[in-house]
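Structure first, then comments.
Not measured: the values here are computed from a predicted model. To find a chain, count down the sequence lines: A is the first, B the second, and so on, and within it residues start at 1.
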Protein chains: 2
Amino acid sequence: MRKVVSSGQPTIKEIAKRLNISVSTVSRALHDHHSIGLRTKARVQQLAAELGYERNQTAIFFQQGKTFTIGILLPELSEAFFSSAISGIEDTAYSNNYTVLLGQSHDDEAREKQIIQSMKQHRVDGCIVSIGKNTRNYEHFEMLRQAKIPVVFFDRIPDLPNIHSVSCNLESGTVQAVDFLLKKGHRVIGMINGPEQLVASKERAAGYMRALHKHRLKYDPELIVSADLTAAGTAEAMKQLLSLKRKVTAVVTFNDYVAMDAVQYALKQKLEINKDITFVSYANTPVSSYTAYPPAASVEQFPYEQGQAATNMLLSILNGDHDFNDYQQLIMESQLVLHT
Amino acid sequence: MRKVVSSGQPTIKEIAKRLNISVSTVSRALHDHHSIGLRTKARVQQLAAELGYERNQTAIFFQQGKTFTIGILLPELSEAFFSSAISGIEDTAYSNNYTVLLGQSHDDEAREKQIIQSMKQHRVDGCIVSIGKNTRNYEHFEMLRQAKIPVVFFDRIPDLPNIHSVSCNLESGTVQAVDFLLKKGHRVIGMINGPEQLVASKERAAGYMRALHKHRLKYDPELIVSADLTAAGTAEAMKQLLSLKRKVTAVVTFNDYVAMDAVQYALKQKLEINKDITFVSYANTPVSSYTAYPPAASVEQFPYEQGQAATNMLLSILNGDHDFNDYQQLIMESQLVLHT
DNA sequence: GCCAATTACGCAAACGCTTGCGTGGTTAAC
DNA sequence: GTTAACCACGCAAGCGTTTGCGTAATTGGC
């Protein structure tokens, strides 16, 4: 039999042989088991230290059927929102002695499936996933369910019945945003919204309307325009808004990128930002405050905290704090942040 | 003996039992081994498919002493530069059938050590690491070396003799940047540099001087000022530069954030950007082009490509393409990108 | 029709570790 | 002095897979 690997790393066996005791005694000594004499314990631990012994995790993972590893699947690692989220996930995983296995789907369903497959094969204890834009088929998650690997969905959540999830309620944040503008005296407030099929767009629109309703103002459909989030689309949307009879003095934009494009357009029209027109946006990027004309306020979605929350949820599931069928859905509140 | 885990996942044994053949035959059949009859192969593969059999990677990792996993340790996952790098690393790891284990040090040496320790215990095949700002002690990397786990350092490289590394040469990029300004007719070019002890600052200064030398211009020390990268520090630096007798018409700033702060200051002084004064910067953020006054050009450091390169280097080491003592250092060229 | 080569499969060890159970030996309780 | 409790340790199975080697049965060459 060929020795596959000789990594030179000392094993429990070696220690046992050198000390003329059994491996089980060594193992227990290393775990500070009560049934091992103080003398033997000390001898074992000392020799282990001398040899630079380190437990072979792969062996333990295999033997225990648990890896203390969580898989995290996101569409795009380099997007600011997600990278903050990863940061939050890694931090809380780390402090609970879990490790993080990473994969990005690039919004490609096939790759998403392969990564899930790979994570399943790696025997991760659980997953945190944000699905791709184009994912329509959820059979890969069904496989995880059958393998009894719990999944917490996060931010981008599939339309499935029984799932754990963490997401951010943009509606309440939008209410706050519109409230803010109303209190500043604005009465004609436009909104550049995203594609209508997105949940995120629906929540924004709902928040907009709820805020108006709260203030007993009537809703003018012309004031919400859907755009495709490109610079050109945003310019077009701005043009529409500015051509209305009622003079729009404030605009809620879908995200910071749209806000920046909208600002550009407004400047070209010789409008003075924060005087002729005020923008409020959603915080997708930490650098928006560095721009020449940052939005007056933005709705923060706390990606880092969402990552933390998702991880905590997963860990509590892994700890068996809940029934397997007790599906949890945490909806975090977004919050308006003023850019003074 | 208590059965630790029953995950329900079918094993090779099960298949063997059901088919009344030995496990070795099943294993070989699953690997398409030539010594297995076509008939048996087919029967095995079919049953495996029916049962939804999936190889237990943890068992294989353990048995083979190899995990096909690379550890990646970075200071801060949410920084744009690093998150792009991760993206590049994950992409190339993925296409080579490796998986990525993630950790962030938050520039904390103790945490860095713990993560390295954890990765070592996980028996990663290799590591890619960017060290923390404050790391002075490198014994944790020495341990990796002893465990024969190869490490490729990346971007933030320790001052050690025999290491593999990938980094970006900012000097040449700076030469290009200053060249660009000189060709545009600027003759008095300022530089807001970072703290002097940083390698990155030294490279920038060197590039600045080399470009001047190339054009047979003399170097005026007053034109390079060191700042602390805060908004206030940048304003102070700008003030210094603008108060010089010779009228500064262009400034090379340490990074995009500094550039944005500098722009703000210039605007307050009623200077017209790209007319009275032109900025050139280093690309740390993908959104700088969204700002009202992006720098006229910026030195791109290609974090994604650096990530790819580091991964490829690590994989080639793992493949045994080089001697263990053949230390590789790849220095990538940065490149000036014009923002038309 | 004999030997060699080939085909098709099984045996069993090994990877490193954990853990239920068994077993001598000592101590304490009555 | 007998029984019970406890202490300190060893035995051995088992986790799922791979793989060197052994071995029947079949085939082919001459």
Looking at [Y] and [X], is any side-chain nitrogen of the basic one under 4.0 Å from a carboxylate oxygen of the acidic one?
X        : Y        : value
B:Glu142 : B:Arg145 : yes
A:Glu90  : B:Arg111 : yes
B:Arg136 : B:Asp159 : no
A:Lys113 : A:Asp108 : no

Under a 3.5 Å cutoff, is there a donor and acceptor pairing between the side chains of B:His106 and B:Glu76? yes
Between [X] ([atom1]) and [N] ([atom2]), how many Å, whole number?
X       : N      : atom1 : atom2 : answer
A:Lys17 : C:dG16 : NZ    : P     : 11 Å
B:Gln9  : D:dC15 : CD    : P     : 15 Å
A:Gln63 : D:dA12 : CD    : P     : 18 Å
A:His33 : C:dT18 : NE2   : C1'   : 10 Å
B:His34 : C:dA8  : NE2   : C1'   : 10 Å
B:Leu30 : D:dG16 : CG    : P     : 15 Å
A:Phe68 : C:dC17 : CZ    : P     : 17 Å
B:Leu19 : C:dC9  : CG    : C1'   : 13 Å

Taking OP1 and OP2 of [N], is either one under 4.0 Å from a side-chain nitrogen or oxygen of [X]?
X       : N      : result
B:Lys13 : D:dG14 : no
B:His31 : D:dT18 : yes
A:Ser35 : D:dC9  : no

From the list [options], which nucleotide is the closest neighbour of the side chain of [X]?
X       : options                : answer
A:Thr11 : C:dC17, C:dG10, C:dC15 : C:dC17
A:Val23 : D:dT19, D:dC9, D:dA12  : D:dA12
A:Gln64 : D:dC11, C:dT19, D:dC15 : C:dT19
B:Ser22 : C:dG10, D:dC15, D:dG16 : C:dG10
B:Ile12 : C:dG16, D:dC9, D:dT17  : D:dT17

Heavy-atom donor-acceptor pair, B:Ser24 side-chain to C:dC11 base, under 3.5 Å: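 Indeed there is one.
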Contacts to DNA chain C from residues 37-62 of chain A, heavy-atom cutoff under 4.0 Å, which residues? A:Tyr53, A:Arg55, A:Asn56, A:Ala59, A:Ile60
Heavy-atom neighbours of B:Arg18 CZ exceed 12 at 6.0 Å: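 Not buried by this count: 12 neighbours or fewer within 6.0 Å.
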After noting the C-alpha distance and the side-chain angles of B:Phe153 and B:Phe141, does the key distance pass the ring-ring contact (aromatic ring centres under 6.0 Å, His included) rule? CA-CA 10 Å; B:Phe153 290 97; B:Phe141 299 120; 5.0 Å; yes
Evaluate B:Tyr327 against B:His322 for ring-ring contact (aromatic ring centres under 6.0 Å, His included), listing each step before the verdict. CA-CA 9 Å; B:Tyr327 291 98; B:His322 319 282; over 10 Å; no
Nearest-nucleotide 5' precedence on DNA chain C, A:Thr25 against B:Arg28: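 It is B:Arg28 whose nearest nucleotide is closer to the 5' end.
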